[in-house]
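Notes to accompany the following structure.
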Amino acid sequence: MIVVFGSLNYDFVFAMERLPAAGETRLARTFAGAPGGKGANQAVAAARDGADVHMVGCVGRDVFGDVLIASLQRSGAMCRIERVDQPTGCASVCVDANGENAIAVAPGANLALSADDLAPDLLTAHTTVLLQMEIAPEANWEVLRQAKAAGGRTVLNVAPAGIVPADALELTDVLIVNRIELETLARALGMADAKPRALAADIAQRHALCCIVTLGGHGVLAVDQGQVQVLDAFAVDAIDTVGAGDTFCGVLAAALDRDVGLADALRRATVAAALCCMARGAQPSIPTAGQIDEAMLRDQRLLRTF
Ligand code: ADP
């Protein structure tokens with residue numbers, strides 16, 4: 001079972017020729033609204049890949065909250081969502097012609113989420129807890145403590161970039177970051193500037209965890225128990241990378257929850273993340289298990305280990 005404890009946001013997605021600079025107003029080519037939020041996206045990704053997913057989070061008593069809950073339910077996730085007297089979290093997502101994005105998030109109801117909202121029956125030795133950084137950090141650290149006390153697996157995606165105290169890293173089994181998030185975390189931990197592989201190896205060793213670094217169109221690297229695994233991205237014509245990182249996290253957690261080995265989990269998660277880049281928006285472009293299975297038949301990438 002996977003418990004996603006995290007954010008739900010309604011995304012306002014603007015497709016632009018190029019992203020607006022500070023102080024600039026630009027006309028977008030198209031607009032679309034879509035359910036999103038890192039927590040909800042990851043829950044949808046894991047559920048569409050067939051995992052038993054429980055989403056714990058907070059939304060407002062508004063129509064955006066209704067849409068977010070309906071999207072999770074349609075994907076097969078169980079909703080343990082509180083409705084609170086704050087607006088549902090919203091994000092303004094601008095995507096340029098190259099698929100690059102710039103995002104502003106108003107967390108709203110997400111900040112009301114606390115560890116008390118997590119029913120104790122969800123935390124067992126067979127639970128994989130999946131966390132991100134769009135809620136109050138203390139709530140995350142408390143859930144990490146409770147999840148480990150119950151004997152479960154913990155997966156922390158440090159996105160958006162933030163600082164994780166050393167004692168929270170001790171409670172983390174799998175850490176997932178992109179390159180920028182890795183550099184922010186490494187600086188906060190007082191590490192010297194170094195290449196992603198060296199930083200990941202250092203973090204993995206210091207905190208006895210598996211450190212996974214997603215590298216956008218360059219794929220992924222992972223360091224686990226002293227072994228480095230490197231896998232290129234699965235080649236697709238990417239038009240919008242929004243949701244790629246979340247799809248990666250959700251599908252990776254789903255694979256680990258099925259006790260698939262790390263190498264196979266990385267392969268499946270990168271295929272799913274690449275498929276997500278082929279359509280606009282976050283949740284609408286997250287693939288199903290069938291779509292991932294079909295694409296995996298065309299996967300000829302070599303996983304390199306060091
Ligand atoms: P985030 O979206 O969190 O910044 P990344 O950009 O690193 O994360 O993307 C997460 C994963 O999505 C990558 O490890 C890769 O597997 C996949 N991905 C991202 N961009 C592309 C792309 N252009 N083509 C194929 N796969 C991609």
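Note that ligands are numbered from 1 as they come in the structure, with each ligand's atoms numbered from 1 the same way.
- Within the 3.5 Å criterion, the main-chain N or O of Asp224 finds no donor-acceptor partner in the side chain of Gln227.
- Within 4.0 Å of ligand 1, protein heavy atoms belong to Asn178, Thr214, Leu215, Gly216, Gly217, Gly219, Ala233, Phe234, Val236, Ala238, Thr241, Ala244, Gly245, Thr270, Ala273, Ala274, Cys277, listed by chain and number.
- Taking CG from Leu199 and CG from Asp193, the interatomic distance works out to 7.5 Å, rounded to the nearest 0.5 Å.
- The closest donor-acceptor contact from the side chain of Arg267 to the backbone of Arg301 lies under 3.5 Å.
- Of all the heavy atoms in Leu266 and Ala222, the pair that sits closest is CD1-CB, 3.9 Å.
- For the pair Thr127 (side chain) and Val129 (backbone), a donor-acceptor distance under 3.5 Å is absent.
- Taking every heavy atom of both residues into account, Met133 and Val158 meet most closely at CG-CA, 3.6 Å.
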